[in-house]
Peer 1: 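Structure provided below as structure tokens; questions to follow.
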Number of protein chains: 2
Amino acid sequence: MQILISEVKSWLLEAGERLKEALLDEKLQVDTKLSRTDLVTNLDKEIQDFLVGKIMTFDPKAKILGEENGQDKLEDFSGRVFVIDPIDGTMNFVLEGENFCIMVAIYEEGKGVLGFIYDVMKNEFLWGGPSIGVYVNEERVQQTKYLSLEEGLLGVNAKMYTHNIGNLQAIGDVSMGIRMCGCAGVEFIHLALGRRAGYISNLAPWDYAAGQILVETLGMTVTKFDGESLNLDEREFCVAAGPAAYTQILKLSLENKEGY
Amino acid sequence: MQILISEVKSWLLEAGERLKEALLDEKLQVDTKLSRTDLVTNLDKEIQDFLVGKIMTFDPKAKILGEENGQDKLEDFSGRVFVIDPIDGTMNFVLEGENFCIMVAIYEEGKGVLGFIYDVMKNEFLWGGPSIGVYVNEERVQQTKYLSLEEGLLGVNAKMYTHNIGNLQAIGDVSMGIRMCGCAGVEFIHLALGRRAGYISNLAPWDYAAGQILVETLGMTVTKFDGESLNLDEREFCVAAGPAAYTQILKLSLENKEGY
């Protein structure tokens, strides 16, 4: 486990250096995928290839599920699976040059064992798993207090909020305020470090895999609005929060079910 | 002017050190003002008093308009006026420990001459004015390209967006995406540095004064939705953007006037 952890951390740090270098020196090649705001760059593809190469050298039998390069479906979670997001928050990477993450989650026989979220420009690296706890850079994250919805900020997805999916506007009204940053990894780091009461979004497996492993290790919960488990299969509405806020969010979402 | 600039910068840096120290070591005293989400802390008051003391020592004849301590109205803008916001983004200061700014704007005979926005935790310090240009830390900001609404992100105020004030949801749909960070200073820095096509919010004079001086120096515009000037008198709906995006926003807002 220790060797695996230090390997993955070194890959993400190296990939992060590459992204910083590209932001400084290169003109990005930006393409669109499903819509004009669904961006992909040459760096998303390059970093995915880099990570896949590292994984295949380290563990040739491992399976991979990842956002780019046609690796976005996986039926069989037996053995070891790496779920990777080479750039989470590609829009921010292109337009802000910050607030993007590189993420890796590792599953063994379908169980999440390690998560890694690296906010490259902020140099905030959250990593860990159920058997070792959670760390930010080299410091252990101590979960001392979960914020209730009334006490904390709520990270939300813009489209879900606009269309009031899951009664999200009412949920936001109970919180201290909503925030939209455009990057799931950044939101999961905020949640893990006590800067959020919760995070509600519409996420693909590579967007939530690492975050789920990390915040669940800290005693929080990540599910669909109806409390059902996420299935690592397709894009889903996700609720992530500590115990008190999680119960509040599910209760409030049931009061207006038309949206989902 | 040079002495004034280095004085104000040194005050903000010193105030920033005080805020960092307080976040590390102290239990904040948090009170509410107009609502349960309108927060003020002992540090807002302490930093305002610190800045007022520095201003009065440096220029005893200057007038002051500021968020805290009953200094929030000023009728007469003759002579030199300092507009101060000791902590812009108090909610973020309390709940995130980041994404807050200290801001100072200086007016001479009613004209904005200098603006200072210091994002304390990120150490991003935007300052300047029409006679000297704009700098981030010690580097000159070169405005080479203004993003159109279709090309860039849009910073928005949550309440305005939810209630579609000024047709804001449609404006957001034309942009590459909306962001809500809870701090006007952070948004003005983003706009000045090309990370936003625009910023639309509901702001008091101390929230927009420094930002308006800085982004107008860079050739952008800050007005009400109807194109009228802001009056430094009360909370107002504000549009801040470069030329192309500004025209698009005003046009789109006119298509649905019911909200304001």
Side-chain angles (χ1 to χ4, degrees), chain A residues 23 30 32 35-39 89-100 119 121-124 145 147-164 168-183 186-187 189-191 193-197, chain B residues 23 30 32 35-39 89-100 119 121-124 145 147-164 168-183 186-187 189-191 193-197:
Chain A
L23 283 176
V30 183
T32 57
S35 72
R36 79 176 178 93
T37 58
D38 184 15
L39 304 185
T90 300
M91 178 80 83
N92 291 346
F93 175 68
V94 173
L95 291 175
E96 295 189 333
E98 59 183 18
N99 296 320
F100 58 87
D119 180 336
M121 303 310 284
K122 200 173 172 185
N123 192 31
E124 203 159 52
K145 180 174 181 291
L147 296 174
S148 70
L149 197 52
E150 291 88 350
E151 289 173 317
L153 295 166
L154 186 71
V156 300
N157 170 284
K159 286 213 177 97
M160 287 177 70
Y161 186 80
T162 307
H163 299 292
N164 201 28
L168 191 44
Q169 294 179 5
I171 296 169
D173 283 347
V174 176
S175 78
M176 286 297 270
I178 59 168
R179 295 289 181 267
M180 297 181 187
C181 81
C183 177
V186 167
E187 285 294 344
I189 294 175
H190 283 329
L191 187 60
L193 300 184
R195 299 178 195 141
R196 290 284 183 272
Chain B
L23 283 175
V30 183
T32 56
S35 72
R36 78 176 180 93
T37 59
D38 184 14
L39 304 185
T90 301
M91 178 82 82
N92 291 347
F93 175 68
V94 173
L95 291 175
E96 296 189 331
E98 58 183 19
N99 296 320
F100 59 88
D119 180 336
M121 302 310 285
K122 200 174 173 187
N123 194 30
E124 203 159 51
K145 179 174 181 289
L147 297 173
S148 70
L149 197 52
E150 291 87 350
E151 289 174 317
L153 295 167
L154 186 70
V156 299
N157 169 285
K159 287 213 177 99
M160 287 177 69
Y161 186 80
T162 307
H163 299 292
N164 201 27
L168 191 44
Q169 295 179 5
I171 297 168
D173 282 347
V174 176
S175 79
M176 286 298 269
I178 59 167
R179 295 290 181 265
M180 297 182 189
C181 81
C183 178
V186 167
E187 285 294 343
I189 294 175
H190 284 329
L191 187 61
L193 300 184
R195 300 177 193 140
R196 291 283 182 274

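To find a chain, count down the sequence lines: A is the first, B the second, and so on, and within it residues start at 1. Side chains included, hydrogens not; waters and symmetry mates left out as well; all remaining heavy atoms used.
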Peer 1: Please classify the contact between A:Arg36 and chain B as side chain, backbone, both or neither, with a heavy-atom cut-off of under 4.5 Å.
Peer 2: both

Peer 1: So which of B:Cys181, B:Gly194, B:Ala158 has the largest heavy-atom pair count under 4.5 angstrom toward chain A?
Peer 2: B:Cys181

Peer 1: Could you look at A:Gln169 and say if it's the side chain, the backbone, both or neither that has a heavy atom under 4.5 Å from chain B?
Peer 2: side chain

Peer 1: Taking all non-hydrogen atoms of both residues into account, name the closest pair between A:Met176 and B:Met91 and its distance.
Peer 2: O-CE, 2.9 Å

Peer 1: Any side-chain heavy-atom pair from B:Arg179 and A:Asn92 closer than 4.5 angstrom?
Peer 2: yes

Peer 1: When heavy-atom pairs shorter than 4.5 Å are enumerated against chain A, which of B:Thr162, B:Thr37, B:Val156 gives the highest number?
Peer 2: B:Thr162

Peer 1: I need the A:Arg195 CZ to B:Asn99 CG distance, nearest 0.5 Å.
Peer 2: 8.5 Å

Peer 1: Mind ranking A:Ile178, A:Leu193, A:Leu153 by heavy-atom pairs under 4.5 Å with chain B and telling me who comes out on top?
Peer 2: A:Leu153

Peer 1: Pick whichever of A:Gly172, A:Gly152, A:Ser175, A:Ala197 has the most heavy-atom pairs under 4.5 Å with chain B.
Peer 2: A:Ser175

Peer 1: Side chain, backbone, both or neither: which part of A:Lys159 has a heavy atom under 4.5 Å from chain B?
Peer 2: neither

Peer 1: For the pair A:Met121 and B:Lys122, evaluate side chain to side chain contact (heavy atoms under 4.5 Å, CB included) and give the outcome as yes or no after the intermediate values.
Peer 2: CA-CA 11 Å; A:Met121 303 310 284; B:Lys122 200 174 173 187; over 6 Å; no

Peer 1: Where does A:Leu39 contact chain B at under 4.5 Å (heavy atoms): side chain, backbone, both or neither?
Peer 2: side chain

Peer 1: Considering only heavy atoms, which portion of A:Glu150 lies under 4.5 Å from any heavy atom of chain B: side chain, backbone, both, or neither?
Peer 2: both

